[in-house]
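All remarks here apply to the structure that follows.
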Amino acid sequence: MSTHPLVLVVVLVLGLLAACTPAPPTPPEPAPPSAPRTVERLWNRKVDLVGWPAVGDEAVASFSRDSDGLAVAGWDLDTGRRLWRHRAVPGNGTAGVDIDLDLVEAGGKEWVAWFGDARQGWQRLIVAPIGTGRRRALKEDVFWATSGVVACPDRKAFCFTGYREWDDEDVALRVDPVTGRVERDAPAAQLAGVRFLGDYVFTTDVRPPKGVEQLGLAEDGVVRWRRRYTEVFGKRSTSDAGWWWEDDADRQVVIGTGWPMPHWDTFDKTGKLRIPTRRVRTVGLDRATGRTLWSLDGVELCGFADLDQWQSDQPVPLCRIQAGSTLVRKTGKRVTHTSSGHDVDVIGVDPSSGAQLWSVPIGGAEYDGNSTIRFTPTTSVVALRDGAAIRIDPATGTVVAVGAEEVLSCSVDRKSLPYDGARWSTGAAVLPCDRTRRPVPAWSADAVEVAGQEVGDGRWVLATREGLLVVRV
């Protein structure tokens with residue numbers, strides 16, 4: 001039997017095509033699951049910390065508490081070996097402001113500063129390299145300090161307010177650690193008789209009937225504006241009833257919360273007082289003029305929301321108190337505060353207008369009771385709802401549940417420090433916790449990165465309840 005040549009050609013071509021057709025691709029091997037990141041404890045120094053530590057390239061320093069009161073010390077960042085230690089005092093500033101140690105870089109060195117005791121209420125200013133603690137000679141060093149000593153806005157010198165031995169009124173002072181020179185940083189009259197509630201917001205010390213308490217903002221040593229406190233926060237309001245401010249230098253709208261003074265005369269007579277939590281107001285003020293851009297009654301800054309990471313073009317997460325109260329009761333010498341009956345919404349507020357953009361009801365789990373443990377603020381809002389944590393996206397209000405196995409970071413207020421007849425705020429310590437805020441034994445990498453300060457080579461510094469902890473993630 002014969003075959004037509006054309007048929008033969010077609011068969012040959014089809015055979016060649018079949019031979020050249022690639023086989024279906026082999027699916028790639030699935031990538032192995034990534035190993036969970038580990039947390040390696042490098043060193044831990046058991047010390048009763050006060051405030052947040054100052055972290056340098058080679059050393060870390062912090063205030064701490066002991067049986068004699070306040071101390072300050074430095075540790076080697078690599079080994080945890082203590083390098084130096086001195087006595088310290090808070091000064092004569094506002095007891096409600098945390099006692100923190102700041103770091104300044106100048107003249108090729110890293111410096112810290114604190115107050116020591118001089119005589120009869122006066123303080124001696126001490127400036128020293130963080131690695132040695134050796135005192136730098138200053139042109140002047142004895143003051144009646146009316147604020148803590150902090151890094152100036154340019155972080156090249158230290159700033160504080162107080163009296164020198166020849167001053168008749170409060171002055172703002174700037175201390176150059178390289179030259180040891182102490183200079184006036186602002187006209188004395190502008191900052192006389194004030195206390196700072198934030199980095200820039202202050203109130204005056206006068207009260208009725210001698211005068212009217214004023215709220216103001218001072219920047220670069222100059223008072224930008226002053227207003228009556230009650231004009232901002234309403235009848236009976238005073239900073240003596242508490243405050244909370246977010247006034248970073250880059251915020252054109254400063255946001256603050258204020259309260260009216262409770263009727264303590266009732267408490268003095270009966271030994272108990274119930275304070276409705278809705279008696280609170282949060283405002284947004286124009287940084288340049290102090291003009292009220294918006295005012296929200298029954299709304300406060302949420303203790304579990306980090307406004308330090310709030311972007312100026314995003315909604316501000318705040319808490320609207322729908323119901324609830326705090327019972328203050330005195331039994332003998334002991335005074336207790338117990339909150340109950342709360343119903344709260346987390347809301348997103350436009351920072352320029354105060355308009356509400358979203359709302360997430362969380363009930364009363366965050367507010368009821370007297371627990372001092374709370375979630376460490378993150379870029380999202382982590383709050384309790386129905387006994388377990390949720391994450392709220394501050395940009396949209398979107399809610400995601402926190403997994404049962406997740407380890408989070410929590411914080412807890414430290415005991416206040418008694419000094420000169422007042423109780424001084426000592427800040428908060430961090431601890432690992434689960435989604436119900438129950439402490440757990442080990443940190444997760446994510447929780448470390450929320451609660452700690454990175455120092456290079458994968459290392460993080462944590463100010464924990466047990467002391468100073470350095471880990472590697």
(request) Just do the side-chain contact (heavy atoms from CB on, under 4.5 Å) check on F233 and V283 with the steps written out, would you? (result) CA-CA 8 Å; F233 287 111; V283 299; 3.9 Å; yes

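- Heavy atoms of other residues, nucleotides or ligands lying less than 6.0 angstrom from CZ of R228 number 12 at most.
- Taking the side chain as every heavy atom from C-beta outward, D434 and L408 never approach each other to under 4.5 Å.
- Counting non-hydrogen atoms of other residues, nucleotides and ligands closer than 6.0 Å to CG of D386 gives a total of 12 or fewer.
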(request) Apply salt bridge (charged side-chain N to carboxylate O under 4.0 Å, His left out) to the pair E165 and R119, showing each step before the final yes or no. (result) CA-CA 12 Å; E165 294 182 284; R119 63 181 185 279; 2.3 Å; yes

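- Taking every heavy atom of both residues into account, A428 and S411 meet most closely at CB-CB, 4.2 Å.
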(request) Walk me through it: do S339 and D368 pass the test side chain to side chain donor-acceptor pair (under 3.5 Å)? (result) CA-CA 5 Å; S339 299; D368 285 347; over 6 Å; no

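- A 4.5 Å side-chain heavy-atom check between D205 and V194 finds every atom pair outside the cut-off.
- With hydrogens and angles ignored, the 3.5 Å screen pairs a side-chain donor or acceptor of H86 with a backbone N or O of G133.
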(request) Could you give me the CA-CA distance, side-chain angles and deciding distance for T161 and T146, then say whether side chain to side chain donor-acceptor pair (under 3.5 Å) is met? (result) CA-CA 5 Å; T161 59; T146 56; 2.9 Å; yes

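- Although no hydrogens or angles enter the test, the distance criterion places no donor-acceptor pair under 3.5 Å between the side chain of R385 and the main chain of G363.
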(request) In sequence, state the C-alpha distance, the side-chain angles, and the governing distance for R437 and E366, and then conclude on salt bridge (charged side-chain N to carboxylate O under 4.0 Å, His left out). (result) CA-CA 10 Å; R437 294 196 303 208; E366 274 288 355; 2.9 Å; yes

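- Using a cut-off of 4.0 Å between Lys/Arg side-chain N and Asp/Glu carboxylate O, R320 and D345 are scored as not salt-bridged.
- T372 places no side-chain N or O within donor-acceptor distance of the main-chain N or O of V412, the cut-off being under 3.5 Å.
- Proximity of W111 to P129: side-chain heavy atoms (C-beta onward) are separated by under 4.5 Å at one or more points.
- Using a 4.5 Å heavy-atom cutoff, the side chains of W259 and I275 are not in contact.
- The local environment of CZ in R181 is sparse, with at most 12 non-hydrogen atoms from other residues, nucleotides or ligands closer than 6.0 Å.
- Considering all non-hydrogen atoms of both residues, A151 and L103 come closest at CB-O, 3.9 Å.
- Annotation for R329: atom CZ does not count as buried by contact number, only 12 or fewer foreign heavy atoms lying within 6.0 Å.
- Not one N or O on the side chain of R184 forms a donor-acceptor pair closer than 3.5 Å with the backbone of L173.
- Here the OG atom belonging to S239 is positioned 5.5 Å from the CG atom belonging to L197, to the nearest 0.5 angstrom.
- The CG atom of D176 lies 9.5 Å from the SG atom of C152; values are rounded to the nearest 0.5 Å.
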(request) Show your working on side-chain contact (heavy atoms from CB on, under 4.5 Å) between W460 and E449 and close with a plain yes or no. (result) CA-CA 8 Å; W460 295 77; E449 292 171 355; 3.4 Å; yes

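- Proximity of D117 to Q123: side-chain heavy atoms (C-beta onward) are nowhere separated by under 4.5 Å.
- Geometrically, R391 does not engage F375 in a cation-pi contact, judged by NZ or CZ lying under 6.0 Å from the ring centre and within 45° of the ring axis.
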(request) Apply salt bridge (charged side-chain N to carboxylate O under 4.0 Å, His left out) to D154 and R174, showing your working. (result) CA-CA 11 Å; D154 62 8; R174 178 184 174 94; 2.7 Å; yes

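- Nearest heavy atoms, I362 versus F304: CD1-CZ, 3.9 Å.
- The distance from the CG atom of D297 to the CZ atom of R279 is 12.0 Å, given to the nearest 0.5 Å.
- The pair R207-D240 meets the salt-bridge criterion, with a side-chain N (NZ, NE, NH1 or NH2) lying under 4.0 Å from an Asp/Glu carboxylate O.
- Side-chain contact between E300 and L318: absent, with no pair of heavy atoms (C-beta onward) separated by less than 4.5 Å.
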(message) If you apply the rule side-chain contact (heavy atoms from CB on, under 4.5 Å), what do you find for I392 with T398, and how did you get there?
(response) CA-CA 6 Å; I392 306 171; T398 304; over 6 Å; no

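- Rounding to the nearest 0.5 Å gives a distance of 5.5 Å between OG1 of T204 and CD of E213.
- Residues P53 and V461 approach most closely at CG-CG1, 4.4 Å, considering heavy atoms.
- Within the 4.5 Å cutoff, side-chain heavy atoms of K415 are placed close to those of R65.
- V448 and L462 make their closest contact through O-CD2, 4.1 Å (heavy atoms, listed as atom of the first residue, atom of the second, distance).
- Between the OG1 atom of T257 and the CZ atom of R281 there is a distance of 11.5 Å, given to the nearest 0.5 Å.
- With hydrogens and angles left out, the side-chain atoms of R236 and T230 include no donor and acceptor closer than 3.5 Å.
- D100 contributes a side-chain N or O that, together with a main-chain N or O of W52, makes up a donor-acceptor pair within less than 3.5 Å.
- Side-chain contact between C159 and V175 is absent, with no heavy-atom pair separated by less than 4.5 Å.
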(request) Kindly determine whether R274 and S325 satisfy side chain to side chain donor-acceptor pair (under 3.5 Å), including the steps that lead there. (result) CA-CA 7 Å; R274 187 170 293 278; S325 63; 2.9 Å; yes

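- The pair E140-R124 does not meet the salt-bridge criterion, since no charged nitrogen lies less than 4.0 angstrom from a carboxylate oxygen.
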(message) Between T464 and L431, is the side-chain contact (heavy atoms from CB on, under 4.5 Å) condition met? List the steps.
(response) CA-CA 6 Å; T464 73; L431 65 150; over 6 Å; no

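- At a threshold of 4.0 Å, the pair R414-D48 does not count as salt-bridged, since none of the basic side-chain nitrogens sits closer than that to a carboxylate oxygen.
- With W424 contributing its side chain and S416 its backbone, the two residues share no donor-acceptor pair below 3.5 Å.
- One N or O on the side chain of R459 and one on the backbone of G456 form a donor-acceptor pair closer than 3.5 Å.
- Ion pairing of R374 with D413 is present here, as a side-chain N (NZ or NE/NH1/NH2) and a carboxylate O approach within less than 4.0 Å.
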(message) I'd like to know whether E219 forms a salt bridge (charged side-chain N to carboxylate O under 4.0 Å, His left out) with R287, so could you lay out the CA-CA distance, the side-chain angles of the two residues, the decisive distance to 0.1 Å, and finally the verdict.
(response) CA-CA 10 Å; E219 203 161 15; R287 183 184 200 86; 3.2 Å; yes

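- Remark: the backbone N or O of L138 is not paired with any side-chain donor or acceptor of D141 at under 3.5 angstrom.
- Distance check: W245 CH2 to L301 CG gives 9.5 Å after rounding to the nearest 0.5 Å.
- A donor-acceptor pair is defined here as one N or O able to donate and one able to accept, closer than 3.5 Å; such a pair exists between the side chain of R87 and the backbone of L70.
- Residues D350 and Q356 bring no donor and acceptor atom of their side chains to less than 3.5 Å of each other.
- Taking both residues in full, the closest heavy atoms of A88 and V72 are given as CB-CG1, 4.3 Å, listed atom of the first, atom of the second, then distance.
- Shown are W166, F160, F115, Y163; of these, the ring-ring contact (aromatic ring centres under 6.0 Å, His included) with F143 is made only by F160.
- Side-chain atoms of D343 do not come within 3.5 Å of backbone N or O of Q322 as any donor-acceptor pair.
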